[in-house]
Number of protein chains: 2
Amino acid sequence: MQMKTGVEQSVYAMLLLTFLPEKGVLPGEFISQQLGASPSYFQKLLRKLVSADLLISVPGAKGGFRLKASPETIRVFDIYEAIEGKQSLYASSGVFEDLMGIQNQNICLLSDLMTEAEQSWQSTLKRETIDSIRREIYLNCPPDHLTKLQSLIEEKMIRN
Amino acid sequence: MQMKTGVEQSVYAMLLLTFLPEKGVLPGEFISQQLGASPSYFQKLLRKLVSADLLISVPGAKGGFRLKASPETIRVFDIYEAIEGKQSLYASSGVFEDLMGIQNQNICLLSDLMTEAEQSWQSTLKRETIDSIRREIYLNCPPDHLTKLQSLIEEKMIRN
DNA sequence: GTACTTTTACTCGGATACCGTCTGTCCGAGTAATTATGG
DNA sequence: CCATAATTACTCGGACAGACGGTATCCGAGTAAAAGTAC
């Protein structure tokens with residue numbers, strides 16, 4: 001049981017996009033290059049983020065991706081859910097309930113506990129936003145490195 | 001990302017074993033039959049539980065499995081960890097930290113949050129024990145069904 | 001009846017096959033900006 | 001110079017190959033009780 005690496009990559013992609021000026025977009029290929037991921041696969045992740053209403057995509061020449069909402073409103077959980085899907089971590093088979101002769105469908109000996117555990121896992125991911133991680137970056141990233149990245153992005157980005 | 005079905009099956013196997021009288025054991029095949037699982041695979045799960053010090057195994061004729069400790073001391077988390085392993089749900093690649101020029105190894109923008117989320121998930125599983133689930137069974141299971149199961153177990157079990 | 005051997009019924013643990021999921025690649029289609037072309 | 005066509009550079013989404021992990025099966029080895037055998 002391990003989280004898809006796509007979740008981490010997606011979070012980082014969203015973080016990269018926070019450095020974009022208003023109305024700018026970044027091509028998917030540039031983003032995947034920066035994260036060291038394979039472009040053709042990364043496009044699929046980006047499209048999932050578009051489907052989840054986290055990104056806006058602009059087709060055509062000078063097209064690319066941009067955040068749909070402001071970083072303060074994008075929770076880490078939203079990205080997690082967009083990539084991992086909405087299915088819960090635990091699915092009861094109901095075998096044991098059958099064995100015990102428990103008729104009531106609402107009673108599942110384990111899933112109540114599992115559901116509660118998953119909710120407290122998720123609530124932690126709902127607390128943090130892309131913006132709060134971005135603030136961590138500003139605290140820990142060397143300023144010259146940040147300006148270098150910023151200029152690289154402005155060079156590669158496309159206004160429209 | 002989904003929990004192994006082996007975790008659920010293992011929890012139920014442990015629950016079955018709580019119905020065993022002192023010094024009795026149940027063969028692995030009987031347990032797997034009751035849970036509707038394939039015997040050859042289920043043996044592997046049981047052995048994992050033995051390795052994790054949750055079960056005691058008795059080899060030879062009249063051999064089988066029995067709980068090592070009392071149900072009050074066995075947490076759901078112990079079973080989860082025995083089957084799923086100790087690896088955490090999230091493993092940082094460090095790619096983004098490299099991109100940001102963050103040298104300090106201790107700083108990982110995402111893993112702090114992920115670690116915290118996983119801990120609150122685990123703490124829920126640590127709270128509940130096999131015994132507390134067993135009490136739920138007594139509340140929700142028809143009494144006649146319980147006595148039927150109890151007598152089946154005492155018929156199939158082996159004293160030594 | 002006792003000592004020894006064989007059979008039986010389990011666990012143990014490694015080798016291996018199957019299958020679903022995640023990762024990764026490829027390609028045709030759609031879209032829009034840019035460039036080329038024809039009058 | 002303007003309108004139209006072709007090219008270019010992206011996204012879109014489906015099809016598909018490969019890798020990996022979880023599930024499942026099998027088998028030989030170890031172990032201990034029971035049954036059989038010899039004296």
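Order of the sequence lines sets the chain letters (A, B, ...), proteins ahead of strands, with each chain counted from 1. Just so it is clear, the structure is predicted and the values come from calculations on it, not from any experiment.
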Is there side-chain contact between B/Val50 and B/Leu54, with at least one heavy-atom pair below 4.5 Å?
no
Does the structure place the NZ or CZ of B/Lys156 under 6.0 Å from the centre of the six-membered ring of B/Phe30, at an angle of no more than 45° from the ring's axis?
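No cation-pi geometry.
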Whichever of A/Lys4 and A/Phe42 has its nearest DNA chain C nucleotide further upstream toward 5'
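Its nearest nucleotide lies further toward 5', so the answer is A/Lys4.
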Hey, what bend do you get for the helix from C/dG1-D/dC39 to C/dG39-D/dC1 if you fit axes on five pairs at each end, rounded to 10°?
30°
Specify the separation, in whole Å, of atom CG of B/Leu45 and atom C1' of D/dT25.
14 Å
In whole angstrom, give the distance that lies between atom CD1 of B/Ile31 and atom P of C/dA9.
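After rounding, the gap between these two atoms is 19 Å.
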A/Asp144 and A/Lys148 ion-paired at < 4.0 Å:
no
I need the CE-P distance between A/Met1 and D/dG22, as an integer number of Å.
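So the CE-P distance, A/Met1 to D/dG22, works out to 11 Å.
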Going 5' to 3' through nucleotides 8-13 of chain D and flagging B where a protein heavy-atom sits under 4.0 Å of the base, S where only the sugar-phosphate is that close, and - otherwise, we get -BBSSB
Would you say A/Gln43 has more than 12 foreign heavy atoms packed within less than 6.0 Å of its CD?
yes
Protein-nucleotide distance (B/Lys44, atom NZ; C/dA17, atom P), rounded to Å
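Between P of C/dA17 and NZ of B/Lys44: 14 Å.
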Respond yes when some side-chain nitrogen or oxygen of A/Tyr41 is under 4.0 Å from OP1 or OP2 of C/dT23, and no when none is.
yes
If you draw a 6.0 Å radius around CD in B/Gln33, do more than 12 non-hydrogen atoms from other residues or ligands fall strictly inside?
yes
Tell me whether A/Arg134 forms a cation-pi arrangement with A/Phe19, defined as NZ or CZ under 6.0 Å from the six-membered ring centre and within 45 degrees of its axis.
yes
Does A/Glu29 CD have over 12 foreign heavy atoms under 6.0 Å away?
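No, the 6.0 Å shell around CD holds no more than 12 heavy atoms from other groups.
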Would you say B/Thr5 reaches D/dG22's phosphate, i.e. side-chain N/O to OP1/OP2 under 4.0 Å?
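No, outside the criterion.
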What is the nucleic acid contact for B/Ser40, judged by heavy atoms within less than 4.0 Å: base, sugar-phosphate only, or nothing?
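Here B/Ser40 touches the bases of the nucleic acid.
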